[in-house]
Amino acid sequence: MSTVRTRFAPSPTGYMHIGGMRTALFNWLWARHNGGKFILRIDDTDRERNVEEALGPILNAFRWLGLDWDEGPEVGGDFGPYFQSERNDLYTEAIEKLLAEGKAYRCYEKPEVIKADREQADKEKRPYINIRRSLELSEEEIKALEDAGANHVIRLLVPRDQKIEINDSVRGHVEWDCSLITDPVIMRTNGTPLYNFATVIDDAQMQISHVIRAEEHLSNTPVQVLVYQALGYDQPIFAHIPYVAAPGSKEKLSKRKLDKYKKNPKFKKMFEKAEQVFPLIGLDGVEGLDPVMVEYYEKIGYLPVAVLNSLSRLGWSLDDKTEIMSLETVKENFTLDRVVKNPAGLDPDKLFSFQSHWMNELSPEAKLEGCLPYLVKARIVGDPISDQQKDLLEKIIEALGDRIKLFSDILDSRLFFQDDITYDEKAFKKRVAKNGVPELLKEFHNKLASLEDWTVEKLEEELKQFSEEKEKSPGLLIHSLRVCTTGQPVGPGVYDCLVLVGKEKTLERIDSSLLRIESA
RNA sequence: GGCCCCAUCGUCUAGUCAGGCCUAGGACACCGGACUUUCGCUCCGAUAACGGGGGUUCGAAUCCCCCUGGGGUCACCA
């Protein structure tokens with residue numbers, strides 16, 4: 001069998017859609033699984049904007065996830081150019097050929113006429129098929145039109161008596177009746193090709209063996225197959241994978257529905273996390289940093305392996321039980337026949353649980369490396385970080401253990417680096433400002449003041465002993481102390497908290513907490 | 001509306017092509033419990049699905065038909 005060659009052809013839009021990323025991933029997986037090639041081709045036809053700038057985030061997303069490409073921007077290849085805007089000769093050549101063979105024709109129909117035809121068809125409740133008036137034109141009439149400066153487009157002449165069939169690797173046999181297909185425009189008045197035409201020329205010339213793309217392209221397929229046939233090209237194998245849907249729905253995930261997603265109970269948390277984290281690290285209001293885009297996950301501190309794991313399981317499964325998979329595992333086992341047919345909703349909860357798993361696999365050093373940039377960007381530590389701060393950070397990360405799910409979670413521990421803390425009022429009321437607790441704290445404060453060994457073991461021993469003497473539940477002090485010294489109801493174990501805060505500040509903060517209650 | 005696709009727990013899915021091994025398995029979420037006299041973690045447990053109707057068959061989640069529902073797409077966008 002010949003080499004497997006797959007491609008992903010993004011438009012340089014300035015961001016990378018998570019659903020598009022999943023499509024790219026499946027292409028990458030299939031190529032890699034077969035020892036084939038994965039190609040990146042840039043769909044930059046009629047785009048005015050700065051392509052380089054708009055392409056950056058897309059290539060970054062690939063790099064971040066570790067999906068490499070064998071041919072395309074930056075790496076070149078034997079089938080270039082890899083930017084559609086530079087491939088115009090190829091398209092023109094193909095058009096000339098079709099025209100010469102009578103498989104395509106110049107259509108002089110005015111848009112108004114076409115619109116009227118369509119309305120007429122609607123009115124009569126029959127499907128609209130274009131009327132081939134231009135085919136009836138005599139040479140003189142055409143010349144007259146040309147002389148009068150009439151515009152034309154090029155349409156493919158659809159053989160209306162045929163059927164188009166494909167054997168889709170995911171969907172199986174699908175067919176269309178050509179008598180229902182309007183002659184598609186393949187070249188605009190201005191001489192630029194249309195997607196359905198250009199993509200076929202490109203795929204054929206680049207010898208793409210498998211066209212793996214989202215299901216929304218299924219309805220484009222018959223037109224493309226017609227182009228393959230007209231040009232005498234071999235058809236690739238098509239695989240229409242389901243699109244990625246919004247959480248808990250069957251609707252295609254779309255960047256245009258962000259406002260709706262913010263109210264989606266499953267999606268909500270992700271937006272909230274963004275609101276909490278991004279302002280702290282100077283990314284407030286930056287566009288494209290929402291959970292529809294890959295960049296969000298990078299910037300908020302997800303692990304590539306977790307995102308990849310999650311994306312792989314969206315519309316594909318290895319077997320009846322395997323959930324946790326590295327890219328390597330997925331690559332080894334990925335086949336098209338195990339791709340599911342129905343659309344899969346992105347599941348933030350499940351992604352989070354994958355993240356949680358992979359984060360726990362990380363060494364303390366790797367965690368530190370991932371967390372550090374957040375503290376630096378939020379100006380909580382110096383740049384570069386001082387040895388003393390780094391030492392403290394190491395201890396914090398150790399104490400936090402598996403409480404760190406996202407790298408940005410480290411920001412919740414910023415109080416250990418700061419002199420002033422903010423109290424979670426609700427927690428303060430619940431755990432500190434309640435009957436008996438202030439008195440208990442006051443006494444325990446004295447006890448702590450005389451404590452020489454400020455260690456986790458010693459503190460635990462002391463607290464338990466004290467509670468026993470007072471015949472109180474240790475939980476009372478445990479909870480109140482955490483809130484007093486960190487301001488938060490969650491965080492490392494209390495004894496760790498006390499050690500991290502240090503004796504001096506611990507005593508200080510107990511004092512000021514007691515003052516807070518009195519003055520309230 | 002035309003064309004096309006899809007249909008198993010709340011969600012992601014296994015099982016469907018080769019009908020019995022399925023009183024439908026796993027994971028996430030949720031709920032309960034154990035541990036830690038601590039938020040978290042971990043561990044146990046519970047709840048929870050074959051959209052409906054007809055066939056075919058000894059036997060149907062699985063094959064066929066119809067219905068219903070959901071979705072995609074209908075550009076001189078990609």
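Throughout, protein chains are lettered first and strands after them, A, B, ... in sequence-line order, and every chain is numbered starting at 1.
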Considering only atom [atom1], compute the distance from [N] to [M] and round it to an integer number of Å.
N: B:rC6; M: B:rA24; atom1: P; answer: 27 Å
N: B:rA14; M: B:rA27; atom1: P; answer: 15 Å
N: B:rU68; M: B:rG53; atom1: C1'; answer: 10 Å
N: B:rC50; M: B:rU62; atom1: P; answer: 12 Å
N: B:rC12; M: B:rG72; atom1: P; answer: 15 Å
N: B:rG69; M: B:rG52; atom1: P; answer: 15 Å
N: B:rC4; M: B:rG15; atom1: C1'; answer: 27 Å
N: B:rG59; M: B:rC22; atom1: C1'; answer: 13 Å

Within the 4.0 Å heavy-atom criterion, would you say [X] contacts the bases, only the backbone, or no part of the nucleic acid?
X: A:E124; result: nothing
X: A:K472; result: nothing
X: A:R482; result: base
X: A:L314; result: sugar-phosphate
X: A:G315; result: sugar-phosphate
X: A:Y128; result: nothing
X: A:K125; result: nothing
X: A:G491; result: base

Next on the checklist: More than 12 heavy atoms of other residues, nucleotides or ligands under 6.0 Å from NZ of A:K103: yes or no?
Outcome noted: yes

Between [options], which nucleotide has the shortest distance from any of its atoms to the side chain of [X]?
X: A:V494; options: B:rU38, B:rG71, B:rU73; answer: B:rU38
X: A:R118; options: B:rA75, B:rU73, B:rU38; answer: B:rA75
X: A:K250; options: B:rU73, B:rG71, B:rC77; answer: B:rG71
X: A:D402; options: B:rU38, B:rG71, B:rG40; answer: B:rG40

Item to check | Stacking of A:H217 on B:rA78 base (centres under 5.5 Å, planes under 30°) | outcome: yes

Expressed in angstrom and rounded to an integer, what is the separation of [X] atom [atom1] from [N] atom [atom2]?
X: A:K115; N: B:rC76; atom1: NZ; atom2: C1'; answer: 15 Å
X: A:Q224; N: B:rC77; atom1: CD; atom2: C1'; answer: 14 Å
X: A:L253; N: B:rC12; atom1: CG; atom2: P; answer: 13 Å
X: A:R22; N: B:rC12; atom1: CZ; atom2: P; answer: 12 Å
X: A:M325; N: B:rC12; atom1: CE; atom2: P; answer: 16 Å
X: A:F267; N: B:rU11; atom1: CZ; atom2: C1'; answer: 14 Å
X: A:D44; N: B:rC77; atom1: CG; atom2: C1'; answer: 14 Å
X: A:H357; N: B:rG40; atom1: NE2; atom2: C1'; answer: 18 Å

Between [X] and [Y], is there a side-chain N and carboxylate O pair less than 4.0 Å apart?
X: A:E112; Y: A:K110; answer: no
X: A:K464; Y: A:E460; answer: yes
X: A:D203; Y: A:R41; answer: yes

Next on the checklist: Nearest heavy atom decides the nucleotide; on that basis, is A:P10 or A:P242 closer to the 5' end of RNA chain B?
Outcome noted: A:P242

Next on the checklist: With ring-ring contact (aromatic ring centres under 6.0 Å, His included) as the rule and sequence neighbours excluded, what pairs involving residues 177-196 of chain A come up?
Outcome noted: A:Y195-A:H217

Does [N] have a Watson-Crick or wobble mate here (both distances under 3.5 Å), and if so which one?
N: B:rU37; value: none
N: B:rU11; value: B:rA27
N: B:rC74; value: B:rG1
N: B:rG59; value: none

Item to check | Inter- and intrachain pairs under salt bridge (Lys or Arg N to Asp or Glu O under 4.0 Å), touching residues 167-186 of chain A, at least two apart | outcome: A:R132-A:D183, A:R160-A:D183, A:K163-A:E175, A:R171-A:E215

Next on the checklist: Please verify the inter-ring angle class for A:F62 with A:F8; under 30° counts as parallel, over 60° as perpendicular, anything in between as tilted.
Outcome noted: tilted

Checklist entry - Quick one: is B:rA78 close enough that its OP1 or OP2 comes under 4.0 Å of any side-chain N or O from A:R188? => result yes

Item to check | Results of salt bridge (Lys or Arg N to Asp or Glu O under 4.0 Å) for A:E216 - residues two or more places apart only | outcome: A:K252

Checklist entry - Between the side chains of A:S353 and A:S356, does any donor sit under 3.5 Å from an acceptor? => result no

Checklist entry - Does a donor on one side chain sit under 3.5 Å from an acceptor on the other, for A:T486 and A:R482? => result no

Checklist entry - Any N or O donor-acceptor pair linking the side chain of A:N220 to the base of B:rA78 at under 3.5 Å? => result yes

Checklist entry - Could A:R338 and A:F334 be counted as a cation-pi pair, given that NZ or CZ must be under 6.0 Å from the ring centre and within 45° of the axis? => result no

Item to check | Candidate pair A:E251 and A:K260, rule salt bridge (charged side-chain N to carboxylate O under 4.0 Å, His left out), full reasoning | outcome: CA-CA 12 Å; A:E251 269 175 55; A:K260 191 173 159 190; 3.3 Å; yes

Checklist entry - Do A:P184 and A:L194 have side chains that get closer than 4.5 Å, going by heavy atoms? => result no

Next on the checklist: Treating A:Y374 as the side-chain partner and A:G301 as the backbone partner, does any N or O pair qualify as donor plus acceptor under 3.5 Å?
Outcome noted: yes

Polar atoms only, N or O, under 3.5 Å: list the protein pairs with nucleotides 15-24 of chain B and their distances.
unit_1	atom_1	unit_2	atom_2	d
B:rG15	OP1	A:R338	NH1	3.0

Next on the checklist: Give me the atom names and distance for the closest heavy-atom approach of A:N88 to A:G191.
Outcome noted: OD1-O, 4.1 Å

Got a list of protein N/O to nucleotides 2-7 of chain B N/O distances below 3.5 Å?
unit_1	atom_1	unit_2	atom_2	d
B:rC5	O2'	A:R171	NH1	2.5
B:rC5	O2'	A:E215	OE2	3.4

Can you give me the N/O atom pairs linking the protein to nucleotides 25-30 of chain B at distances under 3.5 Å, or say none if there are none?
unit_1	atom_1	unit_2	atom_2	d
B:rG25	N2	A:D320	O	3.0
B:rG26	N2	A:E323	OE2	2.8
B:rA27	O2'	A:K350	NZ	3.4
B:rA27	N3	A:K350	NZ	2.8

